[in-house]
Visitor: 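This is the structure I want to talk about, given as structure tokens.
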Amino acid sequence: MKLLIVIVQNKDANKLQNAFAKNDVQQTKLSTTGGFLKSGNTTFMIGIEDERVSDVLNIIKKVSSKREQYMTPPVNLDGGVSDSSYPVKIEVGGATVMEMPMDNFYRF
Amino acid sequence: MKLLIVIVQNKDANKLQNAFAKNDVQQTKLSTTGGFLKSGNTTFMIGIEDERVSDVLNIIKKVSSKREQYMTPPVNLDGGVSDSSYPVKIEVGGATVMEMPMDNFYRF
Amino acid sequence: MKLLIVIVQNKDANKLQNAFAKNDVQQTKLSTTGGFLKSGNTTFMIGIEDERVSDVLNIIKKVSSKREQYMTPPVNLDGGVSDSSYPVKIEVGGATVMEMPMDNFYRF
Ligand code: NI
Ligand code: NI
Ligand code: NI
């Protein structure tokens, strides 16, 4: 067994949690703040069989990899002409995964 | 030393925390949601000497094992006769414990 | 890589988080309660290269070691003479650090 600690942006957390559920990956969600990723983030703890680690990594990669997105910045209220009304490219998402060895896993 | 990550149902959390205190098992309680166990759950992190792991496991087993309980379902408000007024057997409790190796433990 | 789990008193948490940021130590802050240290506490999770562990330990030691402080107790409201109006020495701070081996560290 391995312990996976997975940290993703809040915006990807629900989608990732659903993907875990659909693939029968049991997780516990921790309330976390700041740190590894710039905006608000969510941490999942997963206890998983060694042979399923790569499947879990693929799910995380698919749902929450770093990617580019176009965003329209908020309109400049003074009515002046501004390039900030054009969409700009921003980077969103990204996941940090730490894989730790596990000595024992119990259910009572 | 070992790191134990212990996940139990919220309804067993206080009793377990008291049992840890009485047995001088130092723990840190994390705010967690969903996942390993169906209803709301609580996660404890415990750093403990190797030779005390089985004592801690016994405490967890005793306080928060999965067990059956009789529950009277909410009364049917339309006043009709219903078998739902009889107590039904439900499963409560249950604990997941992950035991991880620890390289060092420091107190400053 | 190592996983460090660091538990400090709430009163030292902000200063420690700033010291981590200044030294480029990436951390995730968990919402935790009670346990290892008497008053409210904060837990940080840090994934770090083996050769930087001692630097991180030094930062923690410097910012949040157990130390003595003088505190003036609240005034006795019945107006009587009381030694409780003199400052008393109390112990504050203190850190618990658990260092765990890590098998893999991924960023997606
Ligand atoms: Ni294993
Ligand atoms: Ni040990
Ligand atoms: Ni290493």
Side-chain angles (χ1 to χ4, degrees), chain B residues 1-36 40-53 55-56 59-60 63-64 95-108, chain C residues 1-10 12-13 15-16 19 28-68 91-104:
Chain B
M1 297 286 288
K2 300 282 189 179
L3 169 65
L4 300 181
I5 296 179
V6 182
I7 304 161
V8 298
Q9 283 196 347
N10 288 343
K11 65 173 288 165
D12 290 335
N14 279 341
K15 213 176 150 193
L16 187 56
Q17 197 166 16
N18 290 339
F20 286 151
K22 201 177 300 178
N23 291 276
D24 202 34
V25 175
Q26 290 195 299
Q27 49 72 31
T28 296
K29 200 163 91 179
L30 306 181
S31 308
T32 51
T33 56
F36 277 109
N41 62 52
T42 298
T43 297
F44 296 97
M45 262 176 0
I46 298 170
I48 194 89
E49 297 82 7
D50 298 45
E51 59 273 20
R52 294 183 67 203
V53 168
D55 287 347
V56 176
I59 293 171
I60 298 167
V63 172
S64 51
T96 297
V97 183
M98 299 185 276
E99 180 189 324
M100 261 75 57
M102 197 185 292
D103 287 342
N104 284 297
F105 184 86
Y106 305 94
R107 276 181 200 281
F108 299 129
Chain C
M1 297 286 288
K2 300 283 189 178
L3 169 65
L4 299 181
I5 296 179
V6 182
I7 305 161
V8 299
Q9 283 196 347
N10 287 343
D12 290 336
K15 213 176 150 192
L16 187 56
T28 295
K29 199 165 91 178
L30 305 181
S31 308
T32 51
T33 55
F36 277 110
L37 299 167
K38 276 156 212 153
S39 73
N41 63 52
T42 298
T43 297
F44 296 97
M45 264 177 358
I46 298 169
I48 194 89
E49 296 80 8
D50 298 44
E51 60 273 22
R52 295 183 66 205
V53 169
S54 65
D55 286 348
V56 176
L57 293 177
N58 282 334
I59 294 171
I60 299 166
K61 239 186 284 188
K62 201 175 157 187
V63 171
S64 50
S65 277
K66 198 162 276 192
R67 67 248 180 217
E68 292 180 331
E91 210 167 53
V92 297
T96 297
V97 183
M98 299 185 277
E99 180 189 324
M100 261 76 58
M102 197 185 291
D103 287 341
N104 284 296

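We name chains A, B, ... by the order of the sequence lines, and we start the count at 1 in each one.
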Visitor: Let me confirm one number: the CE-CG distance from B:Met100 to C:Leu3, rounded to the nearest 0.5 Å.
Guide: 9.0 Å

Visitor: Shorter than 4.5 Å, heavy atoms on both sides: which option in C:Ile60, C:Ile5, C:Leu57, C:Val6 has the most such pairs with chain B?
Guide: C:Leu57

Visitor: Only counting residues at least two apart or in another chain, list the ones meeting side-chain contact (heavy atoms from CB on, under 4.5 Å) with B:Asp103.
Guide: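 Testing B:Asp103 for side-chain contact (heavy atoms from CB on, under 4.5 Å), a comparison that skips the adjacent residues, returns C:Lys2, C:Glu99, C:Pro101.
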
Visitor: To the nearest 0.5 angstrom, please state how far the OG1 atom of C:Thr43 sits from the NZ atom of B:Lys29.
Guide: 13.0 Å

Visitor: What distance separates B:Arg107 CZ from C:Met98 CE, expressed to the nearest 0.5 Å?
Guide: 9.5 Å

Visitor: Could you measure the distance from the CG atom of C:Leu30 to the CE atom of B:Met45? Nearest 0.5 Å is fine.
Guide: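 It comes to 6.5 Å.
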
